Number of protein chains: 2
Amino acid sequence: MTFARSQIAPGDFVSAAIASITRIIRDNDLKPGDHLPAEAVLSEQLHVSRTVIREALRSLAALRLIDLGIGKRPTIAQIDDSSIAIMIEHGVMTDQIDILQIYDVRRTIEARTAGLAALRRTDAEAQVILGHAQAMVRSSGPPSEIMEHDIALHMAIALASRNPVFALLVGAFQGVIRQTWPIGWKSRANDDERAAMNSLHEELALAIVDGNPQAAAALMSRHFDQSIKSLLAAGLN
Amino acid sequence: MTFARSQIAPGDFVSAAIASITRIIRDNDLKPGDHLPAEAVLSEQLHVSRTVIREALRSLAALRLIDLGIGKRPTIAQIDDSSIAIMIEHGVMTDQIDILQIYDVRRTIEARTAGLAALRRTDAEAQVILGHAQAMVRSSGPPSEIMEHDIALHMAIALASRNPVFALLVGAFQGVIRQTWPIGWKSRANDDERAAMNSLHEELALAIVDGNPQAAAALMSRHFDQSIKSLLAAGLN
DNA sequence: TTGTCAAAGGTATAATACAGGTTTCCCTGC
DNA sequence: GCAGGGAAACCTGTATTATACCTTTGACAA
């Protein structure tokens with residue numbers, strides 16, 4: 001595993017190292033938990049300094065392709081949503097993405113996860129989903145308590161869809177949602193509207209428990225329609 | 001911008017630096033094209049070596065929050081799909097995601113982008129979309145030529161949806177699709193089936209040109225139904 | 001006023017050093 | 001023969017220094 005040094009543009013050693021290392025993962029069919037060669041070994045094999053290798057490994061760790069740990073060789077990692085979450089948050093911060101666009105994506109995706117969850121959920125998952133919905137209805141605590149059950153409910157549904165890509169995306173939006181949720185809550189002026197939102201979640205959970213995908217998808221869409229309406233009413237955008 | 005050094009776990013200086021730098025971006029409201037302080041300055045401000053700063057910057061560059069360039073200070077970057085693409089490809093390589101799951105996500109997302117494109121496309125975008133569809137029908141070149149028009153068509157539709165998150169996701173799947181597309185093509189055994197696939201794309205393009213969102217979404221769904229059927233027929237999974 | 005060019009500022013890579021964590025394996029005692 | 005302990009080997013995290021080379025700035029000259 002080496003590359004023609006002369007063809008590498010200056011300032012591109014790290015990119016080339018990243019490519020080489022991902023190639024090692026692919027060619028050796030490494031799976032989560034497997035180890036890469038030590039930095040010193042990679043450094044020698046790829047004919048670059050340990051500095052370059054470390055920056056390449058850090059890049060892959062940022063993308064969560066690998067895990068790094070003191071004293072341990074680099075380990076192939078499980079996919080997780082934190083990297084995409086950071087990217088999305090950055091996109092929102094820098095005005096490249098607005099919240100309503102994210103809500104449209106969520107509606108699109110989560111209507112599907114609701115339908116799939118209704119088809120595929122285990123009984124244990126159904127109980128977790130229903131539990132969060134009922135906790136929202138019953139909650140007498142601060143709004144943040146309702147919010148956390150809301151977020152956990154959506155995540156549980158995504159996991160029950162049995163498609164890790166949906167779970168990845170729903171998880172990635174959590175950070176942004178946590179920053180936006182209070183806006184929608186305050187925008188729902190009276191207790192009736194707030195109770196309606198909570199009971200809509202309960203209906204959704206029941207549709208999933210009942211194994212009714214059409215109803216679940218429709219209720220999820222309705223939920224997002226109302227959320228988006230609340231955000232618009234709050235003057236977003 | 002500094003942090004209590006004593007609270008940072010060993011092996012975590014880079015994570016802390018990443019957090020501090022993203023905080024600098026947020027607090028200073030930096031936008032794409034704006035610059036971060038030089039490495040030496042960050043090194044002094046955060047009280048860590050340039051080594052740590054560089055690894056942190058590389059991490060952020062891997063996530064495409066910033067761009068690095070020789071002689072230039074780190075620059076806030078435009079969002080782009082390459083990082084997510086690498087993550088998705090890694091997920092597929094390591095058996096954490098399978099192709100049919102990606103196709104289900106694409107169907108979900110792209111039914112929506114087709115509908116939005118029908119509503120929002122400019123005339124210029126409509127022409128590009130139609131152009132790729134007609135090129136697919138007319139192509140007499142190798143399958144890869146048809147594939148590239150296919151991929152470009154889906155991307156053009158996503159861009160016309162005017163939601164950068166959809167464009168990000170559709171773009172992120174391109175790499176995996178490029179590796180899978182030939183399977184579906186070969187699985188469509190005869191010329192009739194292949195012509196049907198191409199003309200379905202043309203109908204889809206026409207629905208978008210006509211500004212008919214229901215038809216566009218329905219045609220996109222049908223297209224994915226058939227693609228998934230072809231992949232199943234090819235014995236995927 | 002404009003063009004040129006040197007100096008200042010900046011990043012990319014390499015090499016070295018050392019602290020401290022992890023893994024391996026040998027040796028001891030039973 | 002085997003279990004346990006501990007040292008040695010292995011490995012990563014951070015800092016420092018040096019140097020090549022790229023970009024930007026600003027002053028000077030035509």
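The model shown is predicted, which means the values in this text are computed figures rather than measured ones. All chains are named by letter (A, B, ...) in the order of the sequence lines, taking the proteins before the strands, and each is independently numbered beginning at 1.
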Inset, instruction - Starting at atom CZ of B:R54, determine the distance to atom P of D:dG13, rounded to an integer number of angstrom. - result: 17 Å
Inset, instruction - Could you tell me the separation between the CD atom of B:E39 and the P atom of D:dT23, rounded to a whole number of Å? - result: 15 Å
Inset, instruction - Measure up the B:H149 and B:H132 rings against each other and bin them: parallel (under 30°), tilted (30 to 60°), perpendicular (over 60°). - result: tilted
Inset, instruction - Choose from C:dT13, C:dT23, D:dG13 the nucleotide whose nearest atom is closest to any side-chain atom of A:I70. - result: D:dG13
Legend entry - Between C1' of D:dT14 and CD of B:E44, the distance in whole Å: 18 Å
Legend entry - Closest listed nucleotide, where the reference is the side chain of A:R73 and the choices are D:dC11, C:dG10, C:dA14: D:dC11
Legend entry - B:A40 vs B:T51, nearer the 5' end of DNA chain C by closest nucleotide: B:A40
Inset, instruction - Verify the neighbour count for atom NZ of B:K31: are there more than 12 heavy atoms of other residues, nucleotides or ligands below 6.0 Å? - result: yes
Legend entry - Any donor-acceptor N/O pair under 3.5 Å between D:dG13 base and A:R50 side chain: yes
Inset, instruction - Decide yes or no for A:R58 and A:L68: does some side-chain heavy atom of the first lie under 4.5 Å from some side-chain heavy atom of the second? - result: yes
Inset, instruction - Output yes when B:R107 and B:D104 qualify as a salt bridge under the 4.0 Å nitrogen-oxygen rule, no when they do not. - result: yes
Inset, instruction - Can you figure out which of C:dA14, D:dA15, C:dT22 approaches the side chain of A:V48 most closely? - result: C:dA14
Inset, instruction - Could you check which of C:dA14, D:dT14, C:dG10 has an atom nearest any side-chain atom of B:A38? - result: C:dG10
Inset, instruction - Using whole Å, report how far CD of A:E55 lies from C1' of C:dA14. - result: 11 Å
Inset, instruction - Find the distance A:L68:CG to C:dG21:C1' and express it as a whole number of Å. - result: 14 Å
Inset, instruction - Could you check which of C:dT13, C:dT11, D:dA15 has an atom nearest any side-chain atom of A:S49? - result: C:dT13
Legend entry - Value in whole Å for how far the P atom of C:dT13 lies from CZ of A:F13: 6 Å
Inset, instruction - Would you mind reading off the distance between B:I53 atom CD1 and D:dA15 atom P, rounded to a whole angstrom? - result: 9 Å
